[in-house]
Amino acid sequence: MKKLINRPEDVVTEAIQGMAAAHPDLLKVNFGPNYVYRADAPVQGKVALVSGGGSGHEPMHGGFVGMGMLDAACPGEVFTSPTPDQMIEATKAVDGGAGVLHIVKNYTGDVMNFDMAAELARGEGIDVEAVVIDDDVAVQDSLYTAGRRGVGTTVLAEKICGAAAEEKQSLQQVADLCRKVNENGRSMGMALTSCIVPTAGTPTFELGADEMEIGIGIHGEPGRERRKLAPASEIVESLATPVIEDIPFEEGDEVLAFVNSMGGTPTIELYVVFNELHKLLEDRGIKITRNLIGPYITSLEMAGCSITLLKLDDDLTRLWDAPVHTPGLRWAA
Amino acid sequence: MKKLINRPEDVVTEAIQGMAAAHPDLLKVNFGPNYVYRADAPVQGKVALVSGGGSGHEPMHGGFVGMGMLDAACPGEVFTSPTPDQMIEATKAVDGGAGVLHIVKNYTGDVMNFDMAAELARGEGIDVEAVVIDDDVAVQDSLYTAGRRGVGTTVLAEKICGAAAEEKQSLQQVADLCRKVNENGRSMGMALTSCIVPTAGTPTFELGADEMEIGIGIHGEPGRERRKLAPASEIVESLATPVIEDIPFEEGDEVLAFVNSMGGTPTIELYVVFNELHKLLEDRGIKITRNLIGPYITSLEMAGCSITLLKLDDDLTRLWDAPVHTPGLRWAA
Amino acid sequence: MGRLDSVGVSVSYAQVLGWVKAFASTVAENREYLTRLDSAIGDADHGTNIDRGMKAAVAKLDGLEGDDIGALLKTVGMTLVSTVGGAGGPLYGTLFLQMGVATAGKSELAPDDWAAALAAAVNGVQMRGKAEPGDKTMIDALIPARDALSSALAEGASFDDALVRSAQAAEEGMQATIPLVAKKGRASYLGERSAGHQDPGATSSHLLIKTAAEAWSGDD
Amino acid sequence: MGRLDSVGVSVSYAQVLGWVKAFASTVAENREYLTRLDSAIGDADHGTNIDRGMKAAVAKLDGLEGDDIGALLKTVGMTLVSTVGGAGGPLYGTLFLQMGVATAGKSELAPDDWAAALAAAVNGVQMRGKAEPGDKTMIDALIPARDALSSALAEGASFDDALVRSAQAAEEGMQATIPLVAKKGRASYLGERSAGHQDPGATSSHLLIKTAAEAWSGDD
Ligand SMILES: Nc1ncnc2c1ncn2[C@@H]1O[C@H](COP(=O)(O)OP(=O)(O)O)[C@@H](O)[C@H]1O
Ligand SMILES: Nc1ncnc2c1ncn2[C@@H]1O[C@H](COP(=O)(O)OP(=O)(O)O)[C@@H](O)[C@H]1O
Ligand SMILES: [Mg+2]
Ligand SMILES: [Mg+2]
Ligand SMILES: [Mg+2]
Ligand SMILES: [Mg+2]
């Protein structure tokens, strides 16, 4: 295992210590239970946004704590959702009296832990709403399964809802907005290599030199399908097509196109991918009016990418463009 | 070779096509000769900054074209410096009448090509100054060798000089400032893995599963030394110590600490590295007052990192904080 | 726990404590194994997760006073909930919490008390996770264990035998997860590809039931 | 080019064109080899770079009119400068440009003209790159080639023999770079580690001189 770390058990703690040391102007870190929160929290009268999940997806979620995005993030162990007490403490720490929105990625563990936390927080008189993000079209949805995973759309929801909260929209409005983003965003990802969970020490799955995994999640789970390596044009086609046809996105739609690195794929390749995606959408008459290109929701050092499309309207566009100042996402501030 | 690309020969062209498609508000791209330039170029009365180098270091340089940073960037083939005609055309395209500064990384090829370009541009009556960045302490300097490589400090110089140019400082002032940044910045890098030049198709060097290269450049060149893998604390020690002792950085100094990913190293590891660097500098009484953490000057998909320290004063700090709006670096705008 | 307080009669507080500690060390021994199973159809952390939680639980128990088995089991559950995370945390946390509720105030467990506790535990896990038998989860080890235990007792088997049959049923249930296509948890994302792999949670649940039989068997 | 316009006398425009094309195809054949050499002590692009440049140069030449050898060589130089980049571009570009200046207006090259052209080329490369013999660069192949050629001609050797001795000297110079510690170019960053590897630029320069001898030798 080749990583720039010390003891595998200490990666998460040391990484958030590093965040605290790097961004004291933006955030503070609490240990035991672990959570990252806005330096100026609680912001009175503002709906507070709390998210969290397993670590290994950096900058998500801790790197999205700050003005215009999250009020707090709860980092679990690598790929392991955090615990209810982290979420309760974080929720209390950032509650500014206008209620707290939990943004939860749809994984059994995340949902169950956030459920427990919400129950307990409500028990303590805090107004908590939870929205579950499930945008991964690689997973067939069904009432009888765990349903779709929450992936790329989570980043967009945190940015857009964060902006709405800064506008002092109500908890109900921000929660509805979050559901709207989830309904209008779809994603699919692929891997060129596996990743290595530090405490495991070996690759989660083995891939041949000429193989790739299509339809992976963000936890090193194998995808739905193993295929022979293909040119970027074909890969983009096989990721974007199911995404487009799911909602569906149609001719004339304006979208935010999010090309995400799984961690090990460098920027030069992301632009080759974006170039293919841009051509593909142009052919279908779908207009990219906003884009985000980079490593924002990663799976440790995994090489690969994911494509997320979000259908935009004036409201979503305005909120996307609104100022944001976090370690991971910053503009107009 | 596992990359998200089409034909290896087309990577550079398709990546800059992707940039043009993604950032029409910020930049334009010219093909034959290839260069990326500010959408609003030439900016009248402003010193224009032109840089360039081999591709494979994204977001540097093309990703730094925009308000407050570069006016143009000339992308060469992967790891191959661009040609004089790219530089001449770019220089002409962005010259706003206040002269043009060429920011050149110290590599034989880059220096020779920029020299030829500057000679020819001056011949056409354009006021051109060139500053060569050579901040890599891994290379022993000497009059009889090619000298030190230009690495991490280049990113900082482009940001800081870009801000000075926006302030309408003169060509002489901006060039002197660039030399000052170069004199006050030092870097050193390491690799956990090699990278693969697309047209070569195989790793530039072979590394054992328990080995790392210390003192590498940004072109997949092997480093000065091969060592057994070590914890992040030791790696940071062996990178930071030569950097600190070169200028030297001393107790009481205020510095910008730049922890850079070589491309394949994810954010979570960069924060573990920053955490170690922060402790190490604290012990020496050196204060980190600004920082930059992420993949900004990469070596394709190479896993590893580099550490750059820049000694700050009020002037450099002000210029660092000034607004910048480029695909790769953005704040306060 | 020698013959004297043999389970022919009932299980003491000390024996329950012994079982919890035995489960903790079995999980520690099987940590890499459980994580490897989770690599195949999950995210390579099940062993690490449960091991972290049980270590914390055992540490907590050392500080515990009195002989209330319910309190002991609730403490284990609370500790798992607050230290494990993932799916394993709430599920195993709920399992022990419900056992604690069912055994509140007791300093000894008669065979039927244990059967009731196990039933309550399974119930809690299903309430939490909504998994049905055949979904390829820990439920597929726990339900057979619960049913084998109660029917054995109903047939008048000794507690020893009932515990052994319960453990055997859990083992069979665990093995039966191999061909299944997962409907719940991370493994469900693999669809058909989840078939052919043993479920990590069913495996840790089998260890849970097995250690009870071993820790409480009369003959040692 | 048969015996008739043998180089006993001189080299024609067509023969110079033939040499340039022969060099282009030799580089194409040795492209991976040159890049592999550059992987060991550089950045794995030398073969790709020179091949890209020579292909472009040959394409340019097809459109060229007249029989001015100087114009031909200048065109090659300009094309290399504008298509290769890296260190190889300016260096090989300058090499051909200086040859072009030295042969301007000539439609034939007498042996001494070639010696003068080669001397001018080496001169230009040294002006550009500031490399000294022993720095582990293309200079280590070019200088021996230049000196062997002129001394052979001074000793009254035939142009054929002089070209062969020039190529042999280039080969020896190329091989002599193996033990050297690089002082110029990327390889110098390796310090001591650059020793034990043959310099890619010296290798391509040997090919340049070798193809001249082959393209212009009387016997074919
Ligand atoms: N809905 C559920 N009901 C019951 N058990 C479940 C459910 N979802 C997952 N599990 C169990 O949890 C196990 C995985 O636990 P663990 O790896 O600790 O959590 P995570 O999947 O969050 O990483 C699976 O092997 C399965 O037995
Ligand atoms: N200063 C110099 N003078 C002469 N030749 C040089 C000099 N620097 C480098 N070279 C030659 O250039 C070769 C490398 O060329 P190439 O790989 O195309 O350029 P780059 O090093 O920019 O990638 C080296 O093998 C060496 O022979
Ligand atoms: Mg997990
Ligand atoms: Mg090169
Ligand atoms: Mg798991
Ligand atoms: Mg090279």
Side-chain angles (χ1 to χ4, degrees), chain B residues 8-9 33 52-54 56 74-88 107-117 136 138-140 142 144-149 194-206 215-226 299, chain D residues 31-32 34-53 55-56 77-94 97 125 127-132 134-137 181-194 197 201:
Chain B
E9 318 80 275
C74 306
E77 293 298 316
V78 170
F79 295 165
T80 302
S81 88
T83 59
D85 53 336
Q86 290 175 265
M87 299 159 183
I88 296 158
Y107 300 94
T108 305
D110 295 63
V111 170
M112 291 193 300
N113 284 283
F114 267 106
D115 278 352
M116 288 181 141
D136 187 349
V139 176
Q140 271 134 29
S142 145
Y144 311 102
T145 66
R148 286 177 161 175
R149 294 175 290 224
S194 176
C195 55
I196 298 180
V197 174
T199 51
T202 54
T204 306
F205 57 85
E206 290 297 343
I216 50 136
I218 54 173
H219 302 84
E221 318 94 310
R224 287 199 72 82
E225 203 190 334
R226 183 162 295 195
S299 189
Chain D
R31 177 192 150 133
E32 275 68 34
L34 292 169
T35 291
R36 218 174 321 116
L37 290 174
D38 197 32
S39 305
I41 55 175
D43 58 352
D45 64 0
H46 187 58
T48 321
N49 291 349
I50 306 300
D51 182 43
R52 181 176 61 250
K55 279 195 168 60
M78 288 305 299
T79 312
L80 292 179
V81 167
S82 64
T83 57
V84 176
L91 291 166
Y92 274 100
T94 303
L97 278 170
V125 171
M127 299 279 284
R128 218 354 108 215
K130 311 267 177 306
E132 293 302 322
D135 285 355
K136 199 180 183 104
T137 71
V181 172
K183 296 242 171 341
K184 287 281 187 295
R186 246 174 237 302
S188 66
Y189 305 140
L190 290 175
E192 298 300 325
R193 286 178 86 185
S194 62
H197 302 277

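Residue numbering restarts at 1 for every chain, and letters A, B, ... go by the order of the sequence lines. Note that the structure is a prediction, hence the values are computed from the model and not measured.
Residues D/Arg186 and B/Tyr107 approach most closely at NH1-CD2, 3.5 Å, considering heavy atoms. Closest approach of D/Asp45 and B/Thr80 over heavy atoms only: OD2-OG1, 2.5 Å. In terms of heavy atoms, B/Arg224 sits closest to D/Tyr189 at NH1-O, 3.2 Å. Minimum heavy-atom separation, B/Asp115 to D/Arg128: CB-NH1, 4.3 Å. Annotation for B/Ala200 and D/Thr35: closest pair CB-CG2, 4.1 Å, computed over non-hydrogen atoms. Here the shortest heavy-atom pairing between D/Pro90 and B/Met116 reads CB-SD, 4.1 Å.
At a 4.5 Å heavy-atom cutoff, the contact between B/Phe79 and chain D is made by backbone and side-chain atoms alike. Residue D/Ser194 does not touch chain B at all, counting heavy-atom pairs closer than 4.5 Å. Both the backbone and the side chain of B/Glu221 have a heavy atom closer than 4.5 Å to some heavy atom of chain D.
Formation of a donor-acceptor pair under 3.5 Å by the B/Asn113 side chain with backbone atoms of D/Gly86 is found in this model.
Residues B/Thr199 and D/Arg31 have side chains in contact (heavy-atom distance under 4.5 Å, counting atoms from C-beta outward).
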So B/Met112 and D/Leu91, side-chain contact (heavy atoms from CB on, under 4.5 Å) or not? Walk me through it. CA-CA 9 Å; B/Met112 291 193 300; D/Leu91 291 166; 3.6 Å; yes
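Contact count against chain D (heavy-atom pairs under 4.5 Å) is highest for B/Thr204 among B/Val139, B/Thr204, B/Thr202.
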